[in-house]
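What follows is a set of notes on a single structure, which appears directly below.
Each chain gets a letter, A, B and so on, in the order its sequence line appears, and its residues count up from 1. Every heavy atom of this structure was used, including side-chain atoms; hydrogens, water molecules and symmetry mates were not.
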Amino acid sequence: MQKAILFSAQDVNAAGGAAGRMFEVISEDSETSPAAGFLAAKKLVEINEVRAVLGTWSSAVTLAVAPMLDSAGIIHMTNAGTSALAQANKAGLIFRFSAPSERTGVSLAQGAIAQGFKRIAIMGINNASGREVAEGARKALEAAGVEVVSEVIYQPDQPSYRSEIQQAVVGKPEVLILGSFLPDMTIIVREAIQSGANVKFMAPAWAVTPKLIEAIGPGSEGIMSADYVSAHGTPAYSAFAKRFEDAVGSDPSGNYYASCAYDMVQSLALAFEAAGGSDDNTVIANALREVSSPPGQTVSSFAEGKRLLKEGEKINYEGASGPLDFDDKGDVEALFKLSVVSNGEVQQVRVLK
Amino acid sequence: MTYLELRGVSAAYQDVNIVSNIDIDVDEREIVAVAGTNGAGKSTIIKTIMGLMPRCRGTMTFLGHNLFDYAAEDRVRLGISYVPQVANVFSSLTVLENLKVVEGVRDFPGRSTEIFDLFPVLAQRRRARASSLSGGERQQLALARALMSKPSLIVMDEPTAALSPALATQVFTMVRQLPDIGVAVLIVEQRARQALAVSTRGYILDSGNIVMAGPAADLLADTRMADLYLGRE
Amino acid sequence: MLTMYFNLVVNGIVLGLVIGLAALALTLVYAVARFPNAATGDMITVGAYAGIGVQVLGSRNTLLQGSAAIAACTILSMAYYWFVFRYLRGRGMVALLLTSIGLALFTRGILSFFAGHEQFVFQIPLVEPYVIYGVIIQASDLWLAVVALLSVVATFAILFLTPIGRRMRAVADNRDLARASGIRAESVMIPLWGIVGAVSAIAGIILGIKTVVMPETGWLLLLPSFTAMILGGLGSPIGAVLAGIALGVAQEVASPFVGFTYKIAVSFLVLLVLLIVRPQGLFGSLEEVR
């Protein structure tokens with residue numbers, strides 16, 4: 001993510017900067033710890049006097065720094081999944097380049113429907129994320145008229161989930177949607193297989209990792225996951241992918257968050273340009289909504305957008321991570337893909353609409 | 001011959017002396033009683049002798065050995081046995097296990113046979129848990145356990161506390177027989193008259209100090225003492 | 001419907017055996033050394049990681065993993081006694097409890113420093129269960145239950161059939177009288193802590209095989225184990241094991257009525273009611289604890 005921010009900023013500066021000013025990037029490590037993240041963000045604001053903080057990712061860190069950034073009037077661009085972020089977004093300066101956890105649940109439901117499943121059960125861990133995923137999935141299934149045969153919310157950190165599994169599969173579902181994390185998902189899938197439950201599994205990509213496949217072995221074949229996906233095939237993505245390969249030396253197709261980071265800088269620069277280099281961050285934030293949403297001519301990079309803005313055109317930035325049309329809460333309609341574990345690897349099956 | 005000799009012994013909890021400057025002698029085959037009211041410091045004297053009090057001073061010898069050189073666990077090997085107050089047996093262990101617990105018994109089968117001969121009631125209940133014994137059987141087990149190591153001295157902490165008068169009399173009868181098998185006894189008691197009646201000598205303890213000492217018969221005959229410490233008959 | 005309850009009971013028994021083993025380790029220390037040893041949970045974690053260590057070195061032999069766990073925990077447990085708890089004798093329960101919490105955090109810190117926070121898993125083949133009249137029995141659970149029962153039996157054999165066990169029970173029953181009977185603290189404490197380590201190791205291996213191994217694995221088991229220890233009558237080893245099983249079963253069977261989110265609350269409700277109605281626990285009597 002950090003490298004993507006850096007080369008994205010280089011691109012902006014190479015195009016002459018935004019409203020005549022150059023971007024300077026200062027990096028701090030949150031160590032995914034709320035305390036460390038808060039201190040780092042405070043240093044950025046008070047010592048470095050930054051205008052925007054980009055790339056927070058952990059929900060705990062993001063919630064810890066959001067009120068401070070909000071009251072200091074700093075633009076905050078994040079990938080956190082927590083829905084509680086909406087409450088922290090008082091001044092309208094927070095922009096989320098991915099979706100809240102509930103949206104992951106919705107995409108799991110869409111994936112299940114797309115794969116043709118008719119009988120679906122839901123299990124979710126009893127914390128904010130797990131409940132949101134389960135709720136999102138249930139609402140989406142109900143809206144589509146698909147039967148949810150059972151829904152079980154379970155406690156974290158239990159040595160066994162056999163009774164919970166038993167309850168979930170009692171209605172003989174074809175697939176079990178899991179709002180889980182890696183440790184509990186590992187236990188649940190193992191116990192489900194060991195108790196002879198004839199059911200398939202779907203879960204957010206954060207739980208369906210190589211660690212899970214290693215832990216479950218051959219039984220992991222066919223586990224499905226929903227994950228964000230970058231806007232493959234768009235001009236912005238191609239530009240980003242080329243820059244990423246030059247900078248990192250690998251293909252960015254598995255690195256959604258890097259494409260978000262790239263877009264954060266590009267869209268921020270466009271907003272800055274459109275606002276004429278205003279010193280007021282509220283003006284910048286409003287400009288950000290305008291340059292990234294319709295109406296306007298579609299653009300895929302800062303350089304392209306800057307030229308059109310100079311000509312007095314309205315623009316709509318379509319990024320490498322997605323179309324980036326921010327709603328009132330600062331959220332976007334993120335793109336999702338469905339993947340399946342095949343030959344011990346997570347492989348993409350389709351992009352979900 | 002002097003078995004146990006205490007000279008100027010004091011013992012304290014934290015920094016408060018419970019007993020001060022105590023002199024006590026127990027001779028061969030002698031029964032010595034220390035009488036006193038509740039809180040006079042009787043149990044403290046016993047625990048000091050057994051090495052169970054953390055802070056004590058003075059000199060304390062047993063058969064010429066300086067007792068302070070020996071940890072509580074080693075004093076049984078010198079020949080001192082202990083019968084504590086109330087919790088005087090291992091109640092979750094069986095009768096037999098209570099006897100086996102005593103360390104340093106060379107010939108267990110032989111010694112336990114001798115003990116069961118002395119206490120035939122216990123022989124019948126050797127597999128029973130001590131908690132299931134009657135009050136009288138329990139007192140017998142306490143004494144039997146103390147005798148396992150062939151001690152030369154048994155120190156008893158109020159063996160009749162919480163017992164009915166009938167059972168108390170039974171206990172004193174057992175104690176009176178101990179010198180006949182070569183065991184000296186130091187007994188602290190609230191039932192002063194009964195204790196002195198079976199004893200050769202006695203000490204009267206008040207607020208941690210020895211206020212009177214002498215032959216048991218003299219103490220019993222002293223009307224002044226009787227009024228102060230022994231209670232009405 | 002009935003088979004569902006049977007299945008819940010089976011689940012509860014397996015879960016309860018793990019709790020029971022942990023409660024046994026807690027109870028042994030409580031009965032003899034007189035303090036709730038909060039480091040028990042992390043000792044269990046050490047056992048699980050020792051088994052994982054063997055797996056990382058290349059052996060998937062559960063017996064070998066178990067032996068390594070027992071060796072590691074036995075030594076560590078005795079070391080904790082020899083270098084720490086020995087010096088705190090007579091300082092009171094609070095000092096010992098706080099020290100054990102400190103040791104627990106220390107152990108977990110060391111573990112996560114070297115092994116990280118990522119989960120580890122025992123690589124055992126996943127097999128389909130036996131289904132007998134609708135009751136689902138997993139072969140691995142059967143094995144784990146047998147191992148758990150065997151270790152309980154072995155522990156009781158030591159406690160009730162050997163001189164060392166008799167000494168332990170004597171110290172637990174009446175410490176002063178035990179000393180006056182010539183029993184040395186070290187002669188009881190070192191084997192006791194060794195046994196506690198071994199029992200924790202087995203609990204750790206079973207828990208590790210059933211779940212995933214993370215630095216918090218054993219710590220999370222501590223609360224239900226404390227409950228089982230109290231339920232079993234503070235200081236009664238048999239009580240602790242039976243209470244662990246009872247707790248596991250009660251928790252599972254109650255969950256269809258109260259929901260899975262509240263099933264943990266059930267065990268504490270049981271504890272609360274019991275403490276009011278029968279403060280000495282199910283199997284203990286207060287007199288024997290003193």
Side-chain angles (χ1 to χ4, degrees), chain A residues 31-33 122-127 130-131 134 150-171 180-198 201 206-207 209-221 223, chain C residues 1 3-5 7-12 14-19 22 117-131 136-141 203 206-214 216-221 223-224 248 251-256 259-265:
Chain A
E31 301 164 25
T32 64
S33 143
I122 301 170
M123 286 178 79
I125 192 166
N126 190 16
N127 64 23
R131 285 193 306 265
S150 59
E151 183 176 356
V152 173
I153 299 292
Y154 59 87
Q155 282 300 101
D157 304 324
Q158 293 298 297
S160 168
Y161 292 107
R162 277 185 61 186
S163 303
E164 286 85 344
I165 296 163
Q166 200 180 312
Q167 177 75 27
V169 302
V170 78
S180 302
F181 289 94
L182 176 59
D184 40 301
M185 170 133 184
T186 308
I187 300 171
I188 287 173
V189 174
R190 277 162 59 119
E191 289 189 325
I193 294 172
Q194 283 180 325
S195 62
N198 185 19
F201 307 94
W206 61 68
T209 64
K211 277 265 175 196
L212 181 83
I213 296 167
E214 180 199 325
I216 293 169
S220 63
E221 291 291 303
I223 293 178
Chain C
M1 197 60 196
T3 55
M4 186 185 94
Y5 283 104
N7 278 325
L8 289 176
V9 169
V10 171
N11 295 349
V14 177
L15 183 67
L17 275 169
V18 180
I19 298 175
H117 282 279
E118 291 267 358
Q119 68 176 34
F120 285 92
V121 182
F122 281 99
Q123 300 290 351
I124 49 160
L126 302 179
V127 290
E128 296 262 320
Y130 306 117
V131 180
I136 298 165
I137 311 258
Q138 292 173 11
S140 64
D141 275 356
I206 294 179
L207 192 62
I209 289 176
K210 272 195 76 61
T211 65
V212 295
V213 181
M214 296 177 78
E216 293 79 20
T217 295
W219 175 254
L220 296 167
L221 193 65
L223 214 53
Q251 198 169 295
E252 295 305 302
V253 173
S255 48
F260 296 106
T261 331
Y262 297 105
K263 72 176 187 182
I264 297 166

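Counting heavy-atom neighbours within 6.0 Å of A:N127 CG, excluding the residue itself, gives a total above 12.
The choice from C:I124, C:V127, C:V14, C:I137 that makes the most heavy-atom pairs within less than 4.5 Å of chain A is C:V127. For chain C, the option among A:P183, A:P218, A:S160 with the highest count of heavy-atom pairs below 4.5 Å is A:P183. Contact count against chain A (heavy-atom pairs under 4.5 Å) is highest for C:L15 among C:V10, C:V213, C:L15. With respect to chain C, the highest number of heavy-atom pairs below 4.5 Å among A:G217, A:S195, A:G196 belongs to A:S195. Considering only heavy-atom pairs separated by less than 4.5 Å from chain A, the leading option among C:I19, C:L207, C:N7 is C:N7. Per-residue heavy-atom pair counts under 4.5 Å with chain C were compared for A:R190, A:Q155, A:R162, A:E214, and the maximum is reached by A:R162.
Only the side chain of C:E118 comes within contact range of chain A, with at least one heavy atom under 4.5 Å from a heavy atom of that chain. Both the backbone and the side chain of C:E128 come within less than 4.5 Å of a heavy atom in chain A. Contact of A:N126 with chain C is made through the side chain alone, with heavy-atom distances under 4.5 Å. The contact between C:L220 and chain A is made entirely by side chain atoms (from C-beta outward), counting heavy-atom distances below 4.5 Å. Residue contact with chain A, scored on non-hydrogen atoms closer than 4.5 Å, is absent for C:V18. Both the backbone and the side chain of C:I136 come within less than 4.5 Å of a heavy atom in chain A. C:S140 touches chain A through its side chain: at least one heavy atom from C-beta onward sits under 4.5 Å away, while N, CA, C and O do not.
A:P210 meets the side-chain contact (heavy atoms from CB on, under 4.5 Å) test with no other residue; sequence neighbours excluded.
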Enumerate, atom names and distances included, each donor-acceptor pair closer than 3.5 Å involving a side-chain atom of residues 163-171 of chain A, sequence neighbours excluded.
unit_1	atom_1	unit_2	atom_2	d
A:S163	OG	C:N11	ND2	3.1
A:S163	OG	C:E252	OE1	2.0
A:E164	OE1	C:K263	NZ	3.4
A:E164	OE2	C:K263	NZ	2.7
A:Q166	OE1	C:N11	ND2	3.4
A:Q166	NE2	C:M4	O	3.2

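C:F120 carries A:K211 over the face of its six-membered ring, with the cationic atom under 6.0 Å from the centre and within 45° of the normal.
Here the side chains of A:D157 and C:E216 are not in contact, with every heavy-atom distance at 4.5 Å or above. Side-chain contact between A:P156 and A:F181 is absent, with no heavy atoms from C-beta onward closer than 4.5 Å. Between A:I125 and A:M185 the shortest side-chain heavy-atom distance does not fall below 4.5 Å. In this structure the side chain of A:V152 never reaches within 4.5 angstrom of the side chain of A:Y161, judged on heavy atoms.
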>> Between C:T211 and A:Q158, is the side-chain contact (heavy atoms from CB on, under 4.5 Å) condition met? List the steps.
In response: CA-CA 9 Å; C:T211 65; A:Q158 293 298 297; over 6 Å; no
